[in-house]
Protein chains: 2
Amino acid sequence: MSNLETVFNIAAVERDTGLSKDTLRVWERRYDFPKPGRDANGERVYPQEQVDKLRLIRRLLDLGQRPSKVIPSTSAELTTLLESYRATSAPGTPAVVEQELMQYVKLHRSGELLAALHQGLMKQGLQRFVAETIAPLNEAIGEAWVRGEIDIPEEHLYTEQVQNILRGAIGASTTSNGRPRILLTTFPDEYHILGLLMAEATLVPEGASCLSLGTRTPLADIQSAAVGGKFDIVGLSFSVAYPARHAIEGLVELRDALPTHIGIWAGGAALKDKQRRLPGIRVVTDLADTLTALREWRSVHST
Amino acid sequence: MSNLETVFNIAAVERDTGLSKDTLRVWERRYDFPKPGRDANGERVYPQEQVDKLRLIRRLLDLGQRPSKVIPSTSAELTTLLESYRATSAPGTPAVVEQELMQYVKLHRSGELLAALHQGLMKQGLQRFVAETIAPLNEAIGEAWVRGEIDIPEEHLYTEQVQNILRGAIGASTTSNGRPRILLTTFPDEYHILGLLMAEATLVPEGASCLSLGTRTPLADIQSAAVGGKFDIVGLSFSVAYPARHAIEGLVELRDALPTHIGIWAGGAALKDKQRRLPGIRVVTDLADTLTALREWRSVHST
DNA sequence: CGAACACGTTTGTCTAGGACAAAAATGATG
DNA sequence: CATCATTTTTGTCCTAGACAAACGTGTTCG
């Protein structure tokens, strides 16, 4: 049996952590971490543990820490630090159901997971199910991922099951003539689709007609699809891992490329507190705010 | 609206064209194009026309052209070349329904597309719908893409709608205790999911219990998921675009990493005629063959 | 006491050319 | 014709220096 000792090249680490190749190299130069090995060709080879630590660091940077502070710490210290954030922020979200679902993910109980999700959907209805079950669960999964408690296949399994549930429910309640007409997609280097599906699941029951292009649409194509399809709004989703700077640059460029009568809504953790750098763009802070944005649009466009 | 002379920095060009910064710089060195200006800080500044030409080039590369051939040409010549692709490969004579669906894709009639797909599903049942409608349509879409008749957003739109339909239908007929237990996924650099969904839609009605991990699962994770989840079979899907050599290497490595009692099924256009280089792996030629493989497994494992 | 400004530090991205392996094209051989 | 070996093409990685934007800190002023 061959050894599948997991190592990563620099491109893979960029994908997994959201830290650019340039950043990874300059950190190595300045802070002496990460310290990858080299293969026969002199190219960097990152072991699993260093990638894990980089993910922890990335998470702390998103929380406002600075590289020089966190990079020298050990993984254990970083985990403690992350948990201290967790303690301060989470006000009353006990969620027994959430813990149960999380267990199914960790134990690969896909059957039970699907059944429990289905049950939640039936009980709460699509919108509440998404807002009260899926969204918090997403966050819990993200945190567990950073803490190394869950793995890629577990995250894949989770994403697949949620997609199965949400796409089924969206398909059942879809309308094609409602207003506004909303085009949903992501930028080319964003792979995460759950944000889009959650937005669609929130908007469709309100009578908006949503069209999702899935992930990874080039900017020029977003523009031509929006104009050609006579959409009122373009909705973009950014996961935590998406570099805020990229998001802002891309959004500004898109705003410039679209006629002013087409609105842009941008949502996701990467854009928290970035509204002031995004004139002409509606930053959607969470799913409830998505509904607020919808009401705003309708009150402005009612004649 | 945008100011008269819109210019782009290298990061923006990477976003807009999908060509990496490294590639842009090395082309400039080797082919003397693109030839961006420089700002006060000595950094590249790309004018609109060069970005437009880069997009044309990108498109031609996707169609199989090589950089050294196309980069020296003018934009006008490239446009002509692109149009020649449309003219050359005459489309065969696809079925009437198929043509109708294709029209919906081209015209962005997502509502009608979804309705027609739904109707097809109701009329034919899941298995026949997949084999007789979706599979040929997939091929027609692929050909139209090569001919330049459809674009990235149209392909995305198609993929999304088919996913909505198939996931809904699979969810409705899923069983969790059937045999064999099949794990479905793709290798890390394969993004296309429709092959997996079609396989799942074919197998689930036969009473197999399928678990899809979605796309892009690292080899080591496929291995641990297959062993940990006590699966009987691992199913991999490869789209036309997937390099056959990579597929073969990966499959051989996976075969080596899995215990012999776990079967490997590999399907997709990339593996046509490669069976003899893949000992211990069942190459599945099409959807009908998938059912044959299932029957084979059951007759061998019936006690 | 808080806002506004100036200053030093931190940090990410850009630059140049060199190098090399994977992929494609080409030629040779069964 | 198909398979194998060789050459050319092409994308990605390398090093190490530079600099502007973001950030933190200290100072001054209303």
Side-chain angles (χ1 to χ4, degrees), chain A residues 7-15 17-34 36-46 54 57-58 60-72 189 242-249 252 273-274 276-277, chain B residues 7-15 17-46 54 57-58 60-72 189 241-250 270 272-274 276-277:
Chain A
V7 288
F8 304 81
N9 65 14
I10 197 168
V13 176
E14 179 180 41
R15 255 202 314 277
T17 64
L19 299 164
S20 79
K21 293 167 195 164
D22 278 325
T23 301
L24 290 168
R25 286 193 275 252
V26 90
W27 280 7
E28 186 179 338
R29 225 193 298 164
R30 287 187 187 146
Y31 311 114
D32 212 42
F33 182 89
R38 299 293 173 130
D39 65 9
N41 189 28
E43 302 192 350
R44 291 174 175 78
V45 172
Y46 296 83
L54 284 169
I57 293 171
R58 173 58 208 265
L60 284 162
L61 295 191
D62 290 339
L63 292 170
Q65 292 286 332
R66 311 215 55 191
S68 55
K69 299 279 163 92
V70 288
I71 294 179
D189 32 10
Y242 201 91
R245 192 181 164 139
H246 279 186
I248 291 166
E249 278 175 15
V252 168
D273 310 320
K274 299 291 193 281
R276 56 178 201 78
R277 284 204 257 165
Chain B
V7 288
F8 305 80
N9 64 15
I10 197 168
V13 177
E14 178 180 41
R15 238 198 332 276
T17 64
L19 300 163
S20 80
K21 293 167 195 163
D22 275 325
T23 302
L24 290 167
R25 284 193 277 253
V26 91
W27 281 6
E28 186 179 338
R29 224 192 299 163
R30 286 184 188 149
Y31 312 113
D32 212 42
F33 181 88
K35 198 105 202 236
R38 300 293 174 133
D39 66 8
N41 189 28
E43 302 191 350
R44 291 173 174 78
V45 171
Y46 295 82
L54 285 169
I57 293 172
R58 174 60 205 262
L60 285 161
L61 295 192
D62 288 341
L63 293 172
Q65 292 286 331
R66 310 218 54 192
S68 55
K69 299 278 164 93
V70 290
I71 294 180
D189 31 12
Y242 200 92
R245 192 185 161 139
H246 276 187
I248 292 167
E249 278 175 16
K272 227 168 155 303
D273 311 321
K274 299 288 193 278
R276 55 175 208 80
R277 283 206 254 167

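Chain naming here is simple, since letters A, B, ... match the order of the sequence lines and numbering starts at 1 in each.
For E43(A) and G64(A), each mapped to the nucleotide of DNA chain D holding its nearest heavy atom, the one lying further toward the 5' end belongs to E43(A). Along DNA chain C, the nucleotide nearest N41(A) and the nucleotide nearest N9(B) are compared for position; the residue whose nucleotide lies closer to the 5' end is N9(B).
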Set out, line by line, the N/O atom pairs under 3.5 Å between protein and nucleotides 6-10 of chain C.
none

Pull out every protein N or O sitting under 3.5 Å from an N or O of nucleotides 15-17 of chain D, one pair per line with the distance.
from    : atom 1 : to     : atom 2 : distance (Å)
dT15(D) : OP1    : R38(A) : NH1    : 3.2
dT15(D) : OP1    : R38(A) : NH2    : 3.1
dT15(D) : OP2    : R44(A) : NH1    : 3.0
dT15(D) : OP2    : R44(A) : NH2    : 2.5
dA16(D) : N7     : R29(A) : NH2    : 3.1
dG17(D) : N7     : R29(A) : NH1    : 3.0
dG17(D) : O6     : R29(A) : NH2    : 3.3

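Listed by chain and number, the residues in a salt bridge (charged side-chain N to carboxylate O under 4.0 Å, His left out) with R29(A) amount to none (sequence neighbours excluded). D39(A) is linked by a salt bridge (charged side-chain N to carboxylate O under 4.0 Å, His left out) to nothing, counting only residues two or more places apart in sequence or in another chain. Among residues two or more places apart in sequence or in another chain, the side-chain contact (heavy atoms from CB on, under 4.5 Å) test is passed with Q65(A) by L60(A), K69(A), V70(A), L81(A), Y85(A).
Closest non-hydrogen pair, Y46(B) versus P34(B), comes out as CE2-CG, 3.6 Å. Residues P72(A) and P67(A) come closest through the heavy atom pair CD-O, 4.1 Å. Here the shortest heavy-atom pairing between S20(A) and E14(A) reads CA-OE2, 3.6 Å. Closest heavy-atom contact between R38(A) and V45(A): C-CG2, 4.2 Å. Shown here for R58(A) and L19(A), the closest heavy-atom pair between the two residues is CD-CD2, 4.0 Å.
Once rounded to the nearest 0.5 Å, the distance linking CG of L61(A) with CG of L54(A) reads 10.0 Å. Expressed to the nearest 0.5 Å, how far CD1 of I57(B) lies from CZ of F33(B) amounts to 5.0 Å.
Straight-line distance from the CG atom of L24(B) to the C1' atom of dA16(C): 15 Å, rounded to whole Å. A straight line from CG of D62(B) to P of dA24(C) spans 13 Å, rounded to a whole angstrom. One interatomic measurement links the two molecules: CZ of F8(A) to P of dT12(D), which rounds to 20 Å at whole-angstrom precision. The distance between atom CZ of R30(B) and atom P of dT8(D), rounded to the nearest whole Å, is 15 Å. Between D39(A) atom CG and dC13(D) atom P there is a gap of 11 Å when expressed in whole angstrom units. The separation between L19(A) atom CG and dG12(C) atom P is 8 Å, rounded to whole Å. If you measure from atom CH2 of W27(B) to atom P of dT15(C), you get 17 Å, rounded to the nearest angstrom.
Dashed line: the shortest gap from a side-chain N or O of K21(A) to OP1 or OP2 of dT12(D) is not under 4.0 Å. Taking side-chain N and O atoms only, T23(A) has a distance below 4.0 Å to OP1 or OP2 of dT13(C).
Between the side chain of N9(B) and the main chain of A11(B), a donor-acceptor pair closer than 3.5 Å is present.
Helix-axis bend for the helix from dC1(C)-dG30(D) to dG30(C)-dC1(D): the local axis fitted to the five terminal pairs at one end deviates from that at the other end by 40°, rounded to 10°.
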